[in-house]
Amino acid sequence: MLIHELTDKECFDALARFGFGRLGCARDNQPYVVPIYFTYHEGHLYTFSTAGQKIEWMRTNPRVCVEVDENTSPVQWLSVVVFGHYEELPDTPEYKSERNLAYEMLQQRVTWWEPATYVAFHHHRGADPLTSVFYRIHIDRVSGHHAVPGPVESATLPAPERATKSEGRLLSLLRRARII
Ligand SMILES: Cc1cc2nc3c(=O)[nH]c(=O)nc-3n(C[C@H](O)[C@H](O)[C@H](O)COP(=O)(O)OP(=O)(O)OC[C@H]3O[C@@H](n4cnc5c(N)ncnc54)[C@H](O)[C@@H]3O)c2cc1C
């Protein structure tokens with residue numbers, strides 16, 4: 001397996017393409033990770049939530065982490081890790097344009113609100129399930145890894161996961177040299 005570092009731009013492209021990941025926040029040295037949908041726009045992840053534990057925790061400690069990944073096979077995958085900080089977009093004139101932007105972008109995902117409201121209605125513990133919270137995550141730092149099959153795995157993988165042309169040439173050289 002060969003692992004490549006992604007550039008920042010490749011990481012942002014992946015975030016825009018996936019729109020789904022795991023949000024990690026922490027309070028009193030206790031991490032908390034939940035799945036969320038988001039929309040990437042110009043260095044930010046925009047998302048929506050109902051009131052609950054993660055919002056309370058991020059208000060206390062705005063430093064967060066988001067992970068997204070695509071797992072095609074054990075030797076072919078892509079993952080991106082975002083380090084960032086939480087910014088709430090309250091319903092005030094000052095935040096009107098950011099909220100509108102968040103709303104417009106999140107509307108592109110037709111079911112973006114369902115998991116948040118479903119969980120709030122069925123499992124809320126004291127929080128008002130109808131209180132919606134728009135927020136965004138400022139991306140401070142991002143890293144990405146992309147794994148592709150190496151020559152050895154390529155020889156045993158089914159056709160779609162086989163080596164690219166250049167890896168194929170390397171493979172035949174290794175075979176000729178009786179290394180594999
Ligand atoms: C595919 C998917 C997409 C989602 N997208 C969004 C989204 O875009 N926005 C959003 O706000 N929410 C989304 N959710 C729901 C989200 O993961 C949380 O469950 C929800 O937001 C409630 O989080 P909370 O911290 O407010 O929990 P609370 O309602 O405050 O619940 C507190 C306790 O419930 C438990 N709990 C909470 N969530 C989960 C969970 N997912 N699985 C297991 N236990 C849990 C934990 O033990 C936690 O301590 C999504 C869920 C899924 C599966």
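Note that ligands are numbered from 1 as they come in the structure, with each ligand's atoms numbered from 1 the same way. Values below: every heavy atom of this structure, side chains too, minus hydrogens, waters and symmetry copies.
With sequence neighbours excluded, the residues satisfying salt bridge (Lys or Arg N to Asp or Glu O under 4.0 Å) with R59 are E88. With sequence neighbours left out, the ring-ring contact (aromatic ring centres under 6.0 Å, His included) criterion links H138 to H44, H85.
The shell of residues lying under 4.0 angstrom from ligand 1, judged by heavy atoms, excludes W57.
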Q: Apply the test salt bridge (charged side-chain N to carboxylate O under 4.0 Å, His left out) to residues D13 and K9: give CA-CA distance (whole Å), side-chain angles for both, the deciding distance (0.1 Å), then the verdict.
A: CA-CA 6 Å; D13 289 347; K9 171 153 186 339; 2.8 Å; yes

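Residue A51 has no nitrogen or oxygen atom sitting less than 3.5 Å from a nitrogen or oxygen atom of ligand 1, judged on distance alone. Any N or O atom pair closer than 3.5 Å counts here, and F20 shares no such pair with ligand 1.
The shortest distance between side-chain heavy atoms of L23 and V64 falls below 4.5 Å.
Taking every non-hydrogen atom of Y37 and a distance limit under 4.0 Å, the qualifying atoms of ligand 1 come out as 3 (C), 5 (N), 6 (C), 7 (C), 8 (O). Annotation for ligand 1: atoms under 4.0 Å from non-hydrogen atoms of S49 are 11 (O).
Checking each of Y135, F134, Y95 against E87 for a side-chain contact (heavy atoms from CB on, under 4.5 Å) leaves exactly one that passes, namely Y95.
Taking the six-membered ring where the residue is Trp, the centroids of F12 and Y40 are separated by under 6.0 Å.
Distances from atom 49 (O) of ligand 1 to the heavy atoms of K54, M58, Q53 put Q53 nearest. Nearest to atom 6 (C) of ligand 1 by heavy-atom distance, out of T39, I55, I36, is I36.
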